[in-house]
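Sequence positions, counted from 1, serve as the residue numbers for this chain.
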Amino acid sequence: MRECLDCGVLVVPSFEERIKAFIDRTNVNTRKLNLYPVSLMEDCYPSDSLSSCPQRQDAYPDLSVLTNLSQRLQRFDVILLPVSQDSLVWTRMLLQQTPLSLLRPVIALTKEIHPVAMYDLVCLGVADCVFAPDNIEELRVRLLMRLRHEQEKQLPDGSRTPVLHDKAREVSRVSRSVTPVFEVDACCRELVSQAHSYKEAKSRLVAQFEKTYVTHALFRCGGNIAMAARVSSKHRRAFWALMQKHGIKAEQFKDML
């Protein structure tokens, strides 16, 4: 695995300045991540920079934009897709229209979208979600974990299998098991390589497991806490405590089935 990762950051309309600030801040503070802006509106932005132009809050690129850029995006190790509340609907449609098997792993970045909505993006093919992109070291570790997972997905003949097995078409079939967003073994190795103490590494893994498990249980049960607790073989009060611990609200799941 390379020490320095090249990441293409998609410049999504409506919050370009925030994306530019994130790119500049990250490139200044670490040499282990190289972030490059990727314009989605060539008529407005030069391909190699984030020049200023009038804000177009309601204008988003054609849904074929990632397909058209697929060859250009091959130069990067991963593709970072910033997501805001304003761009969420367009992002969903974009992912539905894009064969992500043509692209490098796509990682969604956000600080304002509820985890349930981000889980929906994972079902549409996003490889992983990062809720604290300003934590540069954590971001780098998540990207390394994802790339290692991608390497393990390589088949003997050199072809690749979809990271999430085309779950966008299976979202309604809630009885099926969900492929984990991260591989536990790869995660453990990465945490050890970062010299985390046993206690800290265990705490991080347990927290991620709890959030993923509770979110999926509520999703399967349409936000019914009692049912989710029952299928999880946990007392309702203990299940509720986990929801409170991780800021998960049942209301977000009630219209997902």
| note | One should read off an interatomic distance between R236 CZ and I225 CD1, to the nearest 0.5 angstrom, of 5.0 Å

| message | Starting from L124, can I reach M93 by hopping between I/L/V/M/F/W/Y residues whose side chains sit under 4.5 Å apart? | response | yes

| said: According to ring pair (Phe, Tyr, Trp, His ring centres under 6.0 Å), who are the partners of W240, at least two apart in sequence or on a separate chain? | reply: none

| query | Taking only residues two or more places apart in sequence, or in another chain, which ones meet F131 in a ring pair (Phe, Tyr, Trp, His ring centres under 6.0 Å)? | reply | none

Sequence-distant partners of [X], side-chain contact (heavy atoms from CB on, under 4.5 Å), two or more places apart:
X: Q97; result: L63
X: T30; result: T26, K32, L33, I136
X: H246; result: A207, E210, K211, I248

| message | Looking at Q71, I want to see if its CD is surrounded by more than 12 non-hydrogen atoms of other residues, nucleotides or ligands under 6.0 Å. | response | no

| note | Applying salt bridge (Lys or Arg N to Asp or Glu O under 4.0 Å) to R25 and not counting sequence neighbours gives D134

| field | Side-chain heavy atoms of L40 within contact of L69, under 4.5 Å | value | yes

| side chain to side chain donor-acceptor pair (under 3.5 Å) between T67 and S64, worked out | CA-CA 5 Å; T67 303; S64 64; over 6 Å; no

| Electrostatic pair E17-K20, nearest N-O below 4.0 angstrom | no

| request: May I ask you to say whether R75 pairs ionically with D6, meaning some side-chain N is under 4.0 Å from a carboxylate O? | output: no

